[in-house]
Engineer: 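This is the structure, below, for whatever I ask next.
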2 protein chains.
Amino acid sequence: MRSTNTKISSAPKGGFLAKLRAAGLRPTRQRLALGKLLFAPGDRHVTAEGLHGEATRAGAKLSLATVYNTLHQFTSAGLLRQVIVDGEKTYFDTNMGDHHHFYVEDQALLMDIPGDTVRIDGLPKAPAGTEIERVEVVVRLKSRN
Amino acid sequence: MRSTNTKISSAPKGGFLAKLRAAGLRPTRQRLALGKLLFAPGDRHVTAEGLHGEATRAGAKLSLATVYNTLHQFTSAGLLRQVIVDGEKTYFDTNMGDHHHFYVEDQALLMDIPGDTVRIDGLPKAPAGTEIERVEVVVRLKSRN
DNA sequence: ATGCCTGCAAAATATTTGCATGTAA
DNA sequence: TTACATGCAAATATTTTGCAGGCAT
């Protein structure tokens, strides 16, 4: 590495650094850069590739593989949730609350639906030997031409 | 090709051949072999790789790419539906009726939930400029150890 | 100082496409 | 016969892993 004078411990993102440590993840330059992008605004939906692009444009130097690894680490640590809607790309959601999703297929655009307004009735009980982990609702949309 | 004496038009699968023609798809050896596997029993869930394995074991000679292409063609023709639950693999479902899914994550096992018993209330209306195409419910299960 | 953990290059896996070739009309 | 659609090899896209080396302790 050329020049690593960057101070890391200068209290950058409020609780985020604490969250990282609690999860046993070291606050590296890469983690902090991605964390800043992910947790700064409100809720976000990102793909690995999209986030890598953002980070790169913001001047961070990291590989796409690191973005994948970091997203999965954040997910294991309970900071992100994985959303499966597309088959091609995996989305990660910063909204950890109970909620569902709108997905506009022709724009590959993902939006939250607040969870507490939605009620699902009439589900059969889980098959023998299994238990329910989560119920996910995806409302697929197409944009009106 | 070595020996192509196989008669194709000997009325093999009841309505399936007619369906193919209606969709503008020629009843080739490969299509018929896959169609037979897909539409013979009751409802099925397959992956491209799984179906390719079955077909090969049954003695058909075709490449995995052809299986992918055929599955997509059947989907466009309205004979199959694509189900997205896993991110890694794409599943195809022969059940075209309105229904939902159980998905056992640790076994990559997909099961139908009859659609007409499930009721979903409290969904917000579709965002401006879009309309609802389909509402999908996936109940994620884990097997009890 | 040192050993665990990180980050990335390279590999693995999944899917799509371009074109030589077979097939239905 | 002939044009068009098909099926597969090769290319592409996405994600995971093994290990050299950086970092917190």
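Just so it is clear, the model here is predicted, and its values are computed rather than measured. Numbers restart at 1 for each chain; the letters A, B, ... are given by sequence-line order, proteins then strands. We use all heavy atoms of the structure for the numbers below, so side chains are in, but hydrogens, waters and symmetry mates are not.
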Engineer: Would you jot down, in residue-number order, the residues of residues 66-74 of chain B having a non-hydrogen atom under 4.0 Å from DNA chain D?
Structural biologist: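 Close to the strand are B:Thr66, B:Asn69.
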
Engineer: Rounding to a whole Å, what distance do you find between A:His52:NE2 and D:dT15:C1'?
Structural biologist: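 The distance from NE2 of A:His52 to C1' of D:dT15 comes to 14 Å, rounded to the nearest Å.
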
Engineer: For D:dG7, does either OP1 or OP2 sit under 4.0 Å from a side-chain N or O belonging to B:Thr28?
Structural biologist: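 For B:Thr28, the contact criterion (side-chain N or O under 4.0 Å from OP1 or OP2 of D:dG7) is met.
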
Engineer: Ignoring the backbone of B:Arg26, work out which of C:dT15, D:dT25, D:dT6 is nearest its side chain.
Structural biologist: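 The nucleotide sitting nearest to the side chain is D:dT6.
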
Engineer: Rounded to the nearest Å, what distance is computed from the CD atom of residue A:Gln30 to the P atom of nucleotide C:dA9?
Structural biologist: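 So the CD-P distance, A:Gln30 to C:dA9, works out to 12 Å.
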
Engineer: When the distance from CZ of B:Arg29 to C1' of D:dG7 is rounded to whole Å, what number comes out?
Structural biologist: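 Taking CZ of B:Arg29 and C1' of D:dG7, I get 10 Å after rounding.
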
Engineer: Send over the distance from B:Phe92 CZ to C:dA14 C1', rounded to a whole Å.
Structural biologist: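 For the pair B:Phe92 CZ and C:dA14 C1', the rounded distance is 12 Å.
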
Engineer: Could you go over nucleotides 19-21 of chain D and give all protein N or O partners under 3.5 Å, atom names and distances?
Structural biologist:
none

Engineer: If I take atom CG from residue B:Leu109 and atom OG1 from residue A:Thr130, how far apart are they, to the nearest 0.5 angstrom?
Structural biologist: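 Spacing of CG (B:Leu109) from OG1 (A:Thr130) equals 9.5 Å.
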
Engineer: Does the ring center of B:His72 lie less than 6.0 Å from the ring center of B:Phe92?
Structural biologist: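 Yes.
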
Engineer: Let me spell it out: for each of A:Glu49 and B:Leu62, pick the nucleotide of DNA chain D with the closest heavy atom. Which residue's pick is nearer the 5' end?
Structural biologist: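 Its nearest nucleotide being more 5', the pick is B:Leu62.
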
Engineer: For B:Gln82 and C:dA14, give me the distance from atom CD to atom C1', rounded to whole Å.
Structural biologist: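 From B:Gln82 CD to C:dA14 C1': 13 Å.
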
Engineer: Testing the basics here: between A:Ala55 and A:Leu62, what is the closest heavy-atom pair and its distance to 0.1 Å?
Structural biologist: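 For A:Ala55 versus A:Leu62, the nearest heavy atoms are CB-CD1, 4.2 Å.
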
Engineer: Would A:His45 and A:Asp112 count as a side chain to side chain donor-acceptor pair (under 3.5 Å) if you check the C-alpha gap in whole Å, the side-chain angles of each, and the deciding distance to 0.1 Å?
Structural biologist: CA-CA 9 Å; A:His45 299 102; A:Asp112 282 351; 2.7 Å; yes

Engineer: For A:Leu20 and D:dA24, give me the distance from atom CG to atom C1', rounded to whole Å.
Structural biologist: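 Spelled out: CG on A:Leu20 to C1' on D:dA24 is 14 Å.
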
Engineer: If the threshold is 4.0 Å, N to carboxylate O, is there a salt bridge linking B:Glu105 and B:Arg140?
Structural biologist: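 Yes, B:Glu105 and B:Arg140 are salt-bridged.
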
Engineer: Out of C:dT6, C:dT15, D:dC8, which nucleotide sits closest to the side chain of B:Ser63?
Structural biologist: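 Side chain of B:Ser63 sits closest to D:dC8.
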
Engineer: Do the charged groups of B:Arg44 and B:Glu54 touch, with an N to O distance under 4.0 Å?
Structural biologist: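 Salt bridge between B:Arg44 and B:Glu54, a charged N being under 4.0 Å from a carboxylate O: yes.
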
Engineer: Taking all atoms of both residues into account, what is the closest heavy-atom pair of B:His100 and B:Val135, and its distance?
Structural biologist: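 What the structure gives for the nearest pair is CE1-O, 3.3 Å.
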
Engineer: D:dG22 P sits how many Å from A:Lys61 NZ, rounded?
Structural biologist: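 One finds 18 Å between P of D:dG22 and NZ of A:Lys61, rounded.
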
Engineer: Closer than 4.0 Å, any side-chain N/O of B:Arg21 to the OP1 or OP2 of C:dA24?
Structural biologist: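 Looking at the OP1 and OP2 atoms of C:dA24, neither is under 4.0 Å from any side-chain N or O of B:Arg21.
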
Engineer: What is the distance, to the nearest angstrom, from the CG atom on A:Leu32 to the C1' atom on C:dT6?
Structural biologist: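 Interatomic distance, CG of A:Leu32 to C1' of C:dT6: 13 Å.
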
Engineer: Can you tell me how the ring of B:Phe74 sits relative to the ring of B:Phe39, calling it parallel under 30°, perpendicular over 60° and tilted otherwise?
Structural biologist: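 Taking B:Phe39 first and then B:Phe74, their aromatic rings sit tilted (interplane angle of 30° to 60°).
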
Engineer: Taking atom types as modelled, is there a side-chain donor on A:Tyr91 or A:Asp86 under 3.5 Å from an acceptor on the other?
Structural biologist: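 No, no side-chain donor-acceptor pair sits under 3.5 Å.
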
Engineer: Where the side chain of B:Lys89 is defined as all heavy atoms beyond and including C-beta, which of D:dT15, C:dT15, C:dC8 is the nearest nucleotide?
Structural biologist: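 Selected nucleotide (nearest to the side chain): C:dT15.
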
